[in-house]
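Since this is a predicted model, take the numbers as computed values, not measurements. Residue indices begin at 1 and follow the sequence shown. The basis for the numbers below is simple: all heavy atoms, side chains too, and nothing from hydrogens, waters or symmetry mates.
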Amino acid sequence: MIFTAKQIAGYINGTIEGDENTSIHTFAKIEEGIPGAISFLSNPKYEHYLYTTESSIVLVNKDLQLSAPTKATLIRVDNAYECIAKLLTLYEQSKTPKTGIHPQAYISPKATIGKDCYIGAFVSIDDNAVIGDGTHIYANCVIGENCQIGNNCILYPNVTIYHDCQLGNRVTLHAGTVIGADGFGFAPTQEGYEKIPQIGIVKIEDDVEIGANACVDRSTMGSTVICKGVKLDNMVQIGHNVVVGDHTVMSAQCGVAGSTKIGSWCMFGGQVGIAGHATIANKTHSGAKAGIAGSIIKEGTTIIGVPAIDARKFAKSNAVFRNLPEMSKEIAELKKEIAELKSQLCK
């Protein structure tokens with residue numbers, strides 16, 4: 001599809017600098033721009049590409065001050081990053097969606113399939129499962145007994161949803177993700193570890209997206225809950241009976257141990273680990289690789305480190321840590337001087 005700068009500016013409420021009839025048919029990164037592409041600039045580190053890019057249109061923030069002329073037509077907006085996301089969504093929605101059931105899919109006669117769904121090859125949908133309207137389930141997915149999946153969900157290849165689990169509307173699960181495997185529950189005995197049956201479920205609310213090869217464990221009793229708007233990256237592990245609050249985001253390889261309650265609008269960098277039975281306040285921000293050993297009570301706290309502490313304290317502590325070799329040498333010299341002074345005083 002082809003769009004002009006005038007059409008794009010009207011859609012995202014932008015202001016054009018240049019030829020309003022400039023047209024584009026694809027997207028490109030600003031440093032890899034080609035004629036007929038639209039790019040965006042939101043990070044000042046990339047500004048120098050603005051003056052050399054071959055892209056036909058570039059979205060920029062309204063407050064950007066140009067330091068040289070540009071070949072591209074500019075569209076100024078309040079937030080270039082948000083606007084390119086909006087355009088990418090429009091582009092994705094313009095594609096003709098797949099519908100129909102592949103002849104090599106297995107669907108139980110007791111399952112219910114909504115309107116305008118797509119069911120790919122070798123999908124297995126078990127008894128009493130309910131699939132909402134417009135949902136796409138790609139090849140090799142497995143949907144267990146009594147599962148409920150809402151409208152307009154996307155399950156990419158090899159997703160597995162164990163029995164009784166529930167998905168809301170517009171949930172996206174990327175390839176290889178497992179929802180509802182047993183929580184890690186074992187009781188130590190003299191003979192070894194006795195498995196504790198995990199009889200609960202997983203509930204995933206509306207507008208959640210979970211990356212590839214992530215795992216959300218079913219609860220021992222009750223529910224593991226992923227609340228609305230949550231975004232989990234690839235290879236995230238959510239333990240049994242965890243609650244992840246609204247609009248919280250986690251980068252790759254985060255792990256949350258059982259029965260932890262995470263608030264709304266939290267952000268966790270890659271490889272953050274959170275201990276079990278903790279309570280994490282709303283709007284907690286955690287740097288990558290942090291080890292959160294207990295509850296965070298104050299809202300809006302920023303933490304980092306192992307064990308995780310306030311980010312400003314961590315920065316000060318890290319400055320001291322970097323100087324430990326020199327400090328150790330100075331301490332050794334001071335000890336030597338003190339010993340010499342003591343020997344002189346004792347004479």
Side-chain angles (χ1 to χ4, degrees), residues 92-93 95-184 195 197-242 244:
E92 191 68 18
Q93 291 173 345
K95 296 179 180 179
T96 303
K98 288 186 174 183
T99 56
I101 299 173
H102 196 281
Q104 291 178 304
Y106 168 76
I107 300 175
S108 166
K110 297 180 181 179
T112 302
I113 309 298
K115 297 180 295 183
D116 301 321
C117 289
Y118 171 71
I119 311 294
F122 305 109
V123 169
S124 175
I125 301 178
D126 216 333
D127 294 348
N128 303 314
V130 178
I131 311 298
D133 296 343
T135 285
H136 285 52
I137 303 177
Y138 289 89
N140 300 313
C141 289
V142 177
I143 314 299
E145 285 185 285
N146 305 313
C147 285
Q148 297 180 28
I149 297 177
N151 299 329
N152 300 308
C153 295
I154 302 174
L155 277 59
Y156 285 104
N158 300 303
V159 166
T160 298
I161 303 178
Y162 281 54
H163 59 89
D164 299 306
C165 293
Q166 301 172 10
L167 275 62
N169 300 317
R170 300 174 300 280
V171 172
T172 298
L173 304 179
H174 287 274
T177 284
V178 177
I179 305 298
D182 282 358
F184 194 65
K195 183 177 177 64
Q198 307 290 293
I199 63 172
I201 65 170
V202 173
K203 289 184 179 179
I204 298 178
E205 297 183 354
D206 295 348
D207 301 304
V208 169
E209 182 159 349
I210 300 179
N213 295 319
C215 296
V216 181
D217 290 348
R218 70 192 313 110
S219 56
T220 308
M221 292 178 282
S223 303
T224 301
V225 183
I226 309 297
C227 296
K228 65 181 181 182
V230 167
K231 313 299 180 187
L232 305 181
D233 199 358
N234 301 333
M235 296 184 286
V236 168
Q237 162 65 29
I238 304 296
H240 57 187
N241 293 93
V242 167
V244 180

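You'll find the side chain of Leu155 stays beyond 4.5 Å of the side chain of Val123, heavy atoms only. No side-chain heavy atom of His102 sits less than 4.5 Å from a side-chain heavy atom of Ile119. In this structure, Leu173 and Leu167 have side chains that are in contact, with non-hydrogen atoms separated by less than 4.5 Å. Residues Glu209 and Ile154 fail the side-chain proximity criterion, which asks for heavy atoms closer than 4.5 Å.
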Please test Asp206 against Lys228 for salt bridge (charged side-chain N to carboxylate O under 4.0 Å, His left out), starting from the C-alpha separation and ending with a verdict.
CA-CA 5 Å; Asp206 295 348; Lys228 65 181 181 182; over 6 Å; no

For the pair Ile210 and Val236, evaluate side-chain contact (heavy atoms from CB on, under 4.5 Å) and give the outcome as yes or no after the intermediate values.
CA-CA 8 Å; Ile210 300 179; Val236 168; over 6 Å; no

If you apply the rule side chain to side chain donor-acceptor pair (under 3.5 Å), what do you find for Thr99 with Asp116, and how did you get there?
CA-CA 6 Å; Thr99 56; Asp116 301 321; over 6 Å; no

Apply side-chain contact (heavy atoms from CB on, under 4.5 Å) to the pair Ile113 and Ile125, showing each step before the final yes or no.
CA-CA 10 Å; Ile113 309 298; Ile125 301 178; 4.0 Å; yes

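Lys203 places no side-chain N or O within donor-acceptor distance of the main-chain N or O of Cys227, the cut-off being under 3.5 Å. Judged by distance alone, with hydrogens and angles left aside, the side-chain atoms of Arg218 form no donor-acceptor pair with the main-chain N or O of Val202 at under 3.5 Å. Proximity of a side-chain donor or acceptor of Ser223 to a complementary backbone N or O of Val225 within less than 3.5 Å is not detected. With hydrogens and angles ignored, the 3.5 Å screen pairs a side-chain donor or acceptor of Asp133 with a backbone N or O of Lys115.
Of all heavy-atom pairs between Cys165 and Ile161, the closest is CB-CG2, 3.8 Å. Residues Met221 and Asn241 share a closest heavy-atom pair of O-ND2, 2.8 Å. The heavy-atom pair separating Ile201 from Gln166 by the smallest distance is CD1-NE2, 3.7 Å. Shown here for Gly120 and Ala105, the closest heavy-atom pair between the two residues is O-CB, 3.4 Å. The minimum heavy-atom distance linking Ser108 with Tyr106 is given by the pair CA-OH, 3.6 Å. Here the closest non-hydrogen pair linking Cys117 and Gly134 is SG-N, 3.8 Å.
Taking the six-membered ring where the residue is Trp, Tyr138 and Tyr156 present parallel rings, their angle staying beneath 30° rather than reaching 60°.
Atom CG of Leu232 is separated from atom CD1 of Ile238 by 5.0 Å, given to the nearest 0.5 angstrom. The structure places CG of Asn213 at 11.5 Å from NE2 of His174, a figure rounded to the nearest 0.5 Å. The line from CD of Gln198 to OH of Tyr162 is 12.0 Å long, rounded to the nearest 0.5 Å.
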Report all side-chain donor-acceptor pairs from residues 139-150 shorter than 3.5 Å, counting only partners two or more places apart or in another chain.
unit_1 : atom_1 : unit_2 : atom_2 : d
Asn146 : OD1    : Asn128 : ND2    : 3.4
Asn146 : ND2    : Asp164 : OD1    : 3.2

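Among Asn169, Ile137, Thr135, Thr172, the single residue meeting the side-chain contact (heavy atoms from CB on, under 4.5 Å) criterion with Cys153 is Thr135. Between His240 and the choices Asp217, Thr220, Thr224, the side-chain hydrogen bond (donor to acceptor under 3.5 Å, both in side chains) rule is met once, by Thr220.
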